[in-house]
Every structure is written in structure tokens, then in C-alpha cells.
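Below you'll find the structure, written out as C-alpha cells, and then a few comments.
Just so you know, these numbers use all the heavy atoms, side chains as well, and skip hydrogens, waters and symmetry mates. Fair warning: this is a prediction, and the values are worked out from it, not measured in the lab.
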Amino acid sequence: MKYLFQLGHQPQISAAEITAVLSLKHPNIKTLAHLRTCALKHQEAFLILEIDQQLNCADLIGTLGGTIKIARQIETSIPAHLNQTQPTGKIIFSLPDKTLAIKIKKELKQSGRSVRYIEPKNTATILHNNLVELGGDLTIINNEIFATEAIQPFEEFSQRDYGRPGSDDRSGMLPPKLARILINLSQTPKDATLLDPFCGSGTILTEASTLGYTNLIGSDISEKAIKNTKENLDWLAKQFNNLTIQQSSTTKLFQSDAAKLSNKLQPHSINTIITEPLLGKPLTGRENKEQLRSQADELAKLYIDSFKAFAKILKPDGVVLFIIPKFKFKNEWVEITCVEEIKKTGFAAVPFEILGSSPVEHLAYHRPNQHLARTIWRFVKNR
Ligand SMILES: C[S@@+](CC[C@H](N)C(=O)[O-])C[C@H]1O[C@@H](n2cnc3c(N)ncnc32)[C@H](O)[C@@H]1O
């Protein structure tokens, strides 16, 4: 069976997330072939997987943070497929190749069907025209036809991103989709104890909660951050009216310097730490190189001190998913050199597997015009 994954705006990260989630959900899955391809016209990146079993696309899209849609290959012609999925009424379909779409529309009309072609724009077009249910959203790549089976629940993400009460400073907030990607990259089982020691407004904890994690701990040096996290967890539980979503009363939240966590948590009590730490002052792009270097050195110290505490509270084989920023100066990057020191505190960096390409030691998340890029690392505590 062939599946097409339309990747988000950070395709390498999306592909690494798919790889991590598939190997956790389907440990026996065999990928017979994989191909990464880029449809240049729309600047879209796709990952095509040929696998030996059927996927539950709705469940997968409900887990992933970095995939826009999942489609399955169809073996018939497009008119035959549409006649089969929409046997009565007006046929509605969407296809990026407009010339071909018009030809298909003509053919279907000649056979007596009434037809509406919708130009594909985004997932909102697919959602509002029920194209998933109708089997009507089609993509052709390398002469193979794919019908969309699931689309990213973008309205829910945006509700969680913009609707939550506990935040007065958007600049420090991790996008919920990226929070979810970090959780998935950690490959942590649902019953594990998961800690965010720089929890801020609680994005990692709220996303973990929506994914079904129940043993959550959040800490932050700021009292306001703990208050925001509490508000956001309670808002989420109420908003989605879902008893499986953790409230602040069932999540352990407390104020602490990350570097002093071993005073607050039992030794070897945590399975996984997932965090976006302090990233430094928001950048304007007018900083000189010395300022950026000095910020990088301060952060290196904080990160290394934090890992010394992580080494004490994590169980053997405990995992840390950690963001290390780098700062743009003209055409170069000022990097934080701390990975070798982090390893000396008792950790190994574990590369990310990526179907369709070689493993990488870290992943990079950067949006054009941003002065800061996030690099994502996975460390495992040495036994
Ligand atoms: C980039 S924000 C985290 C954003 C968070 N992931 C979110 O989405 O809201 C960094 C957080 O680190 C906290 N912080 C700064 N220094 C700290 C330290 N030494 N120990 C623990 N937390 C610290 C700040 O109060 C801030 O809430």
C-alpha cells in the first residue's frame, strides 16, 4: 500500500516525526520503499511510503503535529474512483493539475454526471467541502494517484494556540504543533512520567495531555509561568470537555530553577524530559556579534547546569528532548557550544531516523526572517 504524507513547513522535522510515530504505533511495520519528493509548483514537500499494512490515517493525523494531510494510493482511474465514492448527486473534486481536472470534468459530464471542480488551496478548502468524506481530494505524483484520507485538525491547533487564556507574551510561546512534534520525537509511552522543567505557559504539557499522557510534571523559575500553565490546563480540560485531558489539579506544577530540580524531585523518578528552555532575549536583528556570543555563553552554562540536575532525577535510559537555539548574525549563525559538555554530564546524543533519508544528529527549525533558529536534540541518559 502506498501512502502520501504532505509535510509541514519544516519537511525534515515532519519526516522525522512520521518515522518516530510509525515505529511506535506499528512496531512491525515494513517500509517497502520510501521516496521524498517536492512538487515545486506549490512548494510542497511530500513523503511517499510503500508499506505492508493499512494505516489508520485519522488516528495518525490526530497524533502528528507536522503533517498537513495523508492520502492513500488509488488503483483505478480518477473518473472511476469518483463514481465509486460519490455514486449519486453532484460529484465534487479537487486536483492541483487544472488542465487535467477540466478534462476529467468533461468526461464525467459526458457520462451524465453533474460535477463541480474545486481548485485546491489549503486544508480549509478540503474541510469545508467535505472532500475527505467524498474521496474527492486528489493528488498525482509520478503518475500515481492519491486520495486524501485525513487532514490536520488545523482549527483545533489554532484554538489551542490563540484561544488559551494563560499568556500575555506571545513571543515566548512554543507553537503547539512544534510541542507535539517534540513529544512524538521522544517516543515516550503514554504511561511514562513526563517533565517540562521550563514549562512557560505550558504548551508541552497541554499538548501531552491532548495526546493522552497522564503523568505530567511542570516546573519553571517564574511564578507567573506556573499560574499561566495552571490556567491553560484548566481551560483545555473545560474547552474540550474531555475527562481524559489532565487538569492542573492532576498535574504536578511547582516553581523551581531547572538547575536545582534535584532538590524538588526524587532521584531516578522521571522517564522523559521534553522542553524548550530559556532561549535568551527576543532578538531585533540589530545585536552585534559580541552581544550574541555573550548570550550564547550564558545559555550554555544554564543548559549544562540543568543537565547535571536532569542526570540525577531521570531513570536509567531516561530521554531528554531539548531545544538549543542559535542566533543569526548577518550571514552566519552564532551557536551555543554545549553539546560536548552535556554529554559529559552522563548523556549520549541519539540521532533521529528519517524515512527517505539518512539519520541526523539534530533537527533544525527555522522560519524565514527569524533571527533565531531552534535545533532539536535527543539525549539518552547513560546506564
Ligand atoms: C522559552 S520559555 C518556554 C516556553 C514554553 N515552552 C511555552 O510554550 O510557553 C522559557 C521559560 O523558561 C523559564 N526559565 C528561565 N530561566 C529558568 C531557569 N533557570 N529554570 C527554570 N525555568 C527558567 C522562563 O520563566 C520561561 O517561562
Start with the C-alpha distance between Ile226 and Cys199, add both sets of side-chain angles, then the distance that settles side-chain contact (heavy atoms from CB on, under 4.5 Å), and finish with yes or no.
CA-CA 8 Å; Ile226 297 300; Cys199 69; 4.0 Å; yes
Please answer whether the main-chain N or O of Leu131 pairs with a side-chain N or O of Asn129 as donor and acceptor at a distance below 3.5 Å.
no
Do the side chains of Lys224 and Glu231 get close enough for a salt bridge, i.e. N-O under 4.0 angstrom?
no
Check the surroundings of atom CG in Asn369: do more than 12 heavy atoms from other residues, nucleotides or ligands lie under 6.0 Å from it?
no
Where the side chain of Asn232 meets the backbone of Gly202, is there a donor-acceptor pair that is under 3.5 Å apart?
no
Side-chain donor or acceptor of Thr375 paired with backbone N/O of Leu363 under 3.5 Å:
no
In this structure, would Leu205 and Ile376 fall into the same cluster of hydrophobic residues linked by side-chain contacts under 4.5 Å?
yes
Does a donor on one side chain sit under 3.5 Å from an acceptor on the other, for Gln53 and His26?
yes
Salt bridge or not between Arg160 and Glu207? Use side-chain N to carboxylate O under 4.0 Å.
yes
In terms of side-chain heavy atoms, does Ser219 have a donor or acceptor partner in Ser256 at a distance below 3.5 Å?
no
Just verifying a value: how many Å separate Ile48 CD1 and Asn142 CG, rounded to the nearest 0.5 Å?
5.5 Å
Under 3.5 Å: donor-acceptor pair, side chain of Asp52, backbone of Lys30:
yes
Return yes if some donor-acceptor pair links the side-chain N/O of His34 with the main-chain N/O of Ser357 below 3.5 Å, else return no.
no
With rounding to the nearest 0.5 angstrom, report the CD1 to CG distance, Ile204 to Leu178.
8.0 Å
Where do Leu82 and Leu108 land on the side-chain contact (heavy atoms from CB on, under 4.5 Å) test, with the steps shown first?
CA-CA 9 Å; Leu82 291 171; Leu108 284 164; 4.0 Å; yes
Flag, side chain of Glu17 to backbone of Gly66, donor-acceptor distance under 3.5 Å
yes
Report the C-alpha separation of Leu292 and Leu283 in whole Å, then their side-chain angles, then the decisive distance to 0.1 Å, and conclude whether the side-chain contact (heavy atoms from CB on, under 4.5 Å) test is met.
CA-CA 9 Å; Leu292 295 176; Leu283 302 179; 3.9 Å; yes
Is it true that the NZ or CZ of Lys105 lies under 6.0 Å from the centre of Tyr117's six-membered ring and within 45 degrees of the ring axis?
no
Within the side chain of Tyr303, is there an N or O that forms a donor-acceptor pair under 3.5 Å with the backbone of Leu278?
yes
I need the Leu195 CG to Leu216 CG distance, nearest 0.5 Å.
10.0 Å
Shortest non-hydrogen contact from Gly62 to Leu211?
O-CD2, 4.3 Å
Test: Asp305 and Lys260 ion pair at under 4.0 Å:
no
So how far is it from Ile92 CD1 to Leu134 CG, rounded to the nearest 0.5 Å?
5.5 Å
Would a distance-only check, ignoring hydrogens and angles, find a side-chain to backbone donor-acceptor pair under 3.5 Å from Lys264 to Gln255?
yes
Nearest heavy-atom contact between Ala124 and Phe154 is CA-CZ, 3.5 Å
Compare every heavy atom of Lys252 with every heavy atom of Leu265, then report the nearest pair and how far apart it is.
CD2-NZ, 3.8 Å
Group every Ile, Leu, Val, Met, Phe, Trp and Tyr by side-chain heavy-atom contacts under 4.5 Å, then state whether Leu194 and Leu24 land in the same group.
no
Kindly indicate, with the supporting measurements, whether the criterion side chain to side chain donor-acceptor pair (under 3.5 Å) is fulfilled by Arg164 and Asn228.
CA-CA 9 Å; Arg164 57 187 167 172; Asn228 284 342; over 6 Å; no
Do other residues, nucleotides or ligands put more than 12 heavy atoms under 6.0 Å from Glu223 CD?
no
For residues Leu49 and Leu35: do they belong to one hydrophobic cluster (side chain heavy atoms under 4.5 Å, members Ile, Leu, Val, Met, Phe, Trp, Tyr)?
no
The single option from Glu144, Glu75, Gln73 that satisfies side-chain hydrogen bond (donor to acceptor under 3.5 Å, both in side chains) with Lys2 is Glu144
Once you measure the plane-to-plane angle for Trp377 and Phe379, does it fall in the parallel (<30°), tilted (30-60°) or perpendicular (>60°) bin?
parallel
Write down the atom of Cys338, the atom of Ile324, and the distance for their closest heavy-atom approach.
SG-CD1, 3.8 Å
Supply the atom-to-atom distance Leu279 CG to Phe327 CZ, rounded to the nearest 0.5 angstrom.
7.0 Å
Shortest non-hydrogen pair, Glu353 vs Pro359, comes out as OE1-CG, 4.0 Å
Take a 6.0 Å sphere around NZ of Lys343 and say whether it holds more than 12 heavy atoms from other residues, nucleotides or ligands.
yes
same_hphob_cluster(Ile70, Ile29) at 4.5 Å side-chain heavy-atom cutoff:
yes
Using a strict threshold of under 4.0 Å (side-chain N to carboxylate O), is an ion pair present between Arg383 and Asp317?
yes
List the steps and the verdict of ring-ring contact (aromatic ring centres under 6.0 Å, His included) for Tyr3 and Phe146.
CA-CA 8 Å; Tyr3 288 92; Phe146 296 88; 8.7 Å; no
Less than 3.5 Å apart, any donor N or O on the side chain of Thr148 or Asp137 sitting next to an acceptor on the other?
yes
Is a side-chain N or O of Ser186 found less than 3.5 angstrom from the main chain of Ile273, in a donor-acceptor match?
no
Do Thr337 and Glu340 have side-chain atoms, one donor and one acceptor, less than 3.5 Å apart?
no
Using a strict threshold of under 4.0 Å (side-chain N to carboxylate O), is an ion pair present between Glu298 and Lys301?
no
Supply the atom-to-atom distance Ile183 CD1 to Ile274 CD1, rounded to the nearest 0.5 angstrom.
5.5 Å
Could you tell me if His9 and Arg367 have a donor-acceptor pair between their side chains, going purely by distance under 3.5 Å?
yes
Taking Gln152 for its side chain and Gly65 for its backbone only, find out whether a donor-acceptor pair lies under 3.5 Å.
yes
Stepwise ring-ring contact (aromatic ring centres under 6.0 Å, His included) check, His366 with Trp333:
CA-CA 12 Å; His366 179 241; Trp333 290 99; 5.1 Å; yes
Taking Arg180 as the fixed residue, which of Thr206, Thr210, Thr63, Thr203 is the one that meets the side-chain hydrogen bond (donor to acceptor under 3.5 Å, both in side chains) rule?
Thr210
At their closest point, which heavy atom of Ile354 faces which heavy atom of Ala16, and how far apart are they?
CG1-CB, 3.9 Å
Is it true that Glu149 and Lys69 have a side-chain N and a carboxylate O under 4.0 angstrom from each other?
no
Looking at Phe157, does the NZ or CZ of Lys177 lie under 6.0 angstrom from its six-membered ring centre and within 45 degrees of the ring axis?
yes
State plainly whether one hydrophobic cluster holds both Ile68 and Leu60, where clusters connect Ile, Leu, Val, Met, Phe, Trp and Tyr through side-chain heavy atoms under 4.5 angstrom apart.
no
Would Asp161 and Ser158 count as having a side-chain donor-acceptor pair, cut-off 3.5 Å?
no
Does the separation of the ring centres of Phe347 and Phe310 fall below 6.0 angstrom?
no
Electrostatic pair Arg293:Asp297 at N-O distance under 4.0 angstrom
yes
NZ/NE/NH1/NH2 to OD/OE distance under 4.0 Å, Lys103 and Glu107
no
